[in-house]
Amino acid sequence: MTEVKSPEVPAPPAAVPDELTPGRRRWHGVRPWLPLAALAVAAILPYSTVSLPGIFEGPLNSPGTLQLLAVCLVFGGLAAGYDLLFGRTGMLSFGHALYFAAGVYGTDILVTRAGLPLWQAALLAVTGATTLAALLGAVALRTVGIAFAMVTLAFAQVGAILVARDFGGWTGGEEGLPLDVSGLPPALVGVTNTVNLYWLALAYLAMVVLVVHRVSGSPTGRVLAGLRDDERRIGVLGLDPYRFKLVAFTLAGGLAASGGVVYCLIVGGASPHITSSELTLSLLVMVVLGGPGTRWGPVLGGILYMYLDHRLTAFGTSDAVENLPAVLSRPLSQPLFVLGTVFILAVYFFPGGLASLTSRLTLLRTALRPTPGRRGQRSRGRRSPV
């Protein structure tokens, strides 16, 4: 009886680890320095006179462009601080805007009403907002899940009401409170000094990213990640989940208040819209858009969201949109409609946020690249039998 042997198929080549591949090894050596390179490029950006029509209204070193970039950097840091709660600890807070507003209004009131120097006002505002976060967090963290979200929302609504009603005549009510620039250092006053505010916003973003990164890599950060995944397991290990969540809640509140100080200097005052729950919802969108729980995702999401929020307003009133048919011009003239569409498309095509874009493109490139084994099988399949 004749034995039928199956044709021998050559085994695919063994996969080489990335760290042993020359190109990958060089990339892994350069990768840790990329954040410092990005920081250096952002720091020297105000010296550039490059114009980007359609992206910015003026050159990169113009006051209007620098102010827009400064606001984007502040909200990038604010989103990174909020991700410490939502993405890294798993706490959904609807009242995070309260501590940002406390930093803004605290600085403005202490400088304008009390006449304190900026450094004293900023220190007192951040300390007071951090203490407020600790006190309110101690109460809100007695609940979990949707109850925790509702309690934080209730606290934020109380703050919004106090600001809108001009409690004690301190906040200016619905008109807001302009900042008295006479009590500020000369380097932070005037259009020509917008570049200094930009550098201040960049320093705030770098500080928040550094703090969040160090906390996430510490033993406390590993406990916070465990709370996000399974809180009961942390309790079984003998650790107190309440204490660790309170630390994360307080730290996130202090980082938000620090951003409020910088934002108050950039916009030159305080307005009631920063106390609304819509700001917290915007922070949630920023984090989800960028990628929760990632190092750079919330930063990119916050910067992109605020850039689109400012630029789409000008785009909606431009002649290019007004000359379109009504069925297109009406929705395109609404910035929230365009932002919502962008957010839906981003979540649908990139569920992990912008941070997952690189890995998804790598998988797609790997899937489309033919392997040596497949090429050999296709070539043998084209041979005619003898």
Side-chain angles (χ1 to χ4, degrees), residues 35 38 42 67-101 103-104 149 152-153 156 201-202 204-213 215-216 228 248-249 251-260 262-263 266-267 273-313 335-358:
Q67 185 180 31
L68 173 58
L69 291 175
V71 172
C72 293
L73 293 175
V74 168
F75 275 87
L78 193 60
Y82 182 73
D83 184 63
L84 185 63
L85 288 180
F86 177 68
R88 300 181 183 271
T89 313
M91 293 188 292
L92 179 60
S93 171
F94 283 158
H96 199 64
L98 174 63
Y99 312 109
F100 177 71
V104 176
T152 56
L153 177 62
L202 182 62
Y204 165 72
L205 175 61
M207 182 268 294
V208 173
V209 171
L210 179 61
V211 170
V212 173
H213 177 64
V215 171
S216 301
R228 177 192 59 196
F249 193 92
L251 179 59
L255 294 176
S258 302
V262 181
Y263 182 80
I266 294 173
V267 301
H273 81 277
I274 61 174
T275 63
S276 64
S277 57
E278 295 179 1
L279 180 59
T280 302
L281 294 178
S282 298
L283 292 177
L284 180 61
V285 172
M286 295 174 192
V287 173
V288 175
L289 180 62
T294 58
R295 185 176 183 181
W296 301 108
V299 175
L300 297 177
I303 292 175
L304 178 62
Y305 182 93
M306 289 309 299
Y307 170 79
L308 292 177
D309 187 36
H310 282 74
R311 292 298 297 162
L312 288 177
T313 302
L336 291 180
F337 174 82
V338 181
L339 278 175
T341 304
V342 172
F343 177 70
I344 292 173
L345 293 176
V347 171
Y348 182 79
F349 290 104
F350 307 105
L354 297 176
S356 66
L357 182 60
T358 304

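Positions are given from 1, in the same order as the sequence printed here. We use all heavy atoms of the structure for the numbers below, so side chains are in, but hydrogens, waters and symmetry mates are not.
Contact detail for Ala252 and His96: the closest heavy-atom pair is O-CE1, 3.4 Å. Taking every heavy atom of both residues into account, Gly302 and Ala79 meet most closely at CA-CB, 4.3 Å. Taking both residues in full, the closest heavy atoms of Ala156 and Gly95 are given as CB-CA, 3.6 Å, listed atom of the first, atom of the second, then distance. Minimum heavy-atom separation, Ala70 to Ile266: CB-CD1, 3.7 Å. Scanning both residues, Arg88 and Gly293, for their nearest heavy atoms gives NH1-O, 3.9 Å. Between Val74 and Ala201, the shortest heavy-atom contact is CG2-CB, 3.8 Å.
Residue Leu283 holds its CG atom at 4.5 Å from CG of Leu78, rounded to the nearest 0.5 Å. Taking CE from Met286 and CZ from Phe343, the interatomic distance works out to 11.5 Å, rounded to the nearest 0.5 Å. Once rounded to the nearest 0.5 Å, the distance linking NE2 of His310 with SG of Cys72 reads 7.0 Å. Atom CD1 of Ile303 and atom CG of Leu205 lie 6.0 Å apart (nearest 0.5 Å).
Using a 4.5 Å heavy-atom cutoff, the side chains of Val212 and Leu255 are in contact. In this structure the side chain of Val299 reaches within 4.5 angstrom of the side chain of Val209, judged on heavy atoms. Two residues are said to be in side-chain contact when any heavy atoms from C-beta on lie closer than 4.5 Å; Leu251 and Leu84 meet this criterion. Looking at heavy atoms from C-beta onward, Val208 lies in side-chain contact with Tyr204 at the 4.5 angstrom threshold. Residues Ser93 and Phe86 have side chains not in contact (no heavy-atom distance under 4.5 Å, counting atoms from C-beta outward). Val215 is listed as a side-chain neighbour of Val211, based on a closest heavy-atom distance under 4.5 Å. Taking the side chain as every heavy atom from C-beta outward, Thr275 and Phe100 never approach each other to under 4.5 Å. Contact check for Phe94 versus Leu92: side-chain heavy atoms found under the 4.5 Å cut-off.
Formation of a donor-acceptor pair under 3.5 Å by the Asp83 side chain with backbone atoms of Pro298 is not found in this model. Thr294 contributes a side-chain N or O that, together with a main-chain N or O of Gly291, makes up a donor-acceptor pair within less than 3.5 Å. Between the Tyr82 side chain and the Thr280 main chain, no donor and acceptor come within less than 3.5 Å of each other.
The salt bridge (charged side-chain N to carboxylate O under 4.0 Å, His left out) check on Arg228 picks up nothing, with sequence neighbours excluded. Every residue meeting the ring pair (Phe, Tyr, Trp, His ring centres under 6.0 Å) condition with Tyr99, not counting sequence neighbours, appears here in chain and number order: Phe249.
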- Task: Evaluate the side chain to side chain contact (heavy atoms under 4.5 Å, CB included) criterion for residues Leu339 and Asp309: first the C-alpha distance (whole Å), next the side-chain angles of each, then the deciding distance (0.1 Å), finally the verdict.
- Result: CA-CA 7 Å; Leu339 278 175; Asp309 187 36; 4.0 Å; yes
- Message: Between Met91 and Thr152, is the side chain to side chain contact (heavy atoms under 4.5 Å, CB included) condition met? List the steps.
- Response: CA-CA 11 Å; Met91 293 188 292; Thr152 56; over 6 Å; no
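No close placement of the Phe75 and Tyr305 rings is indicated, their centers lying 6.0 Å or farther apart.
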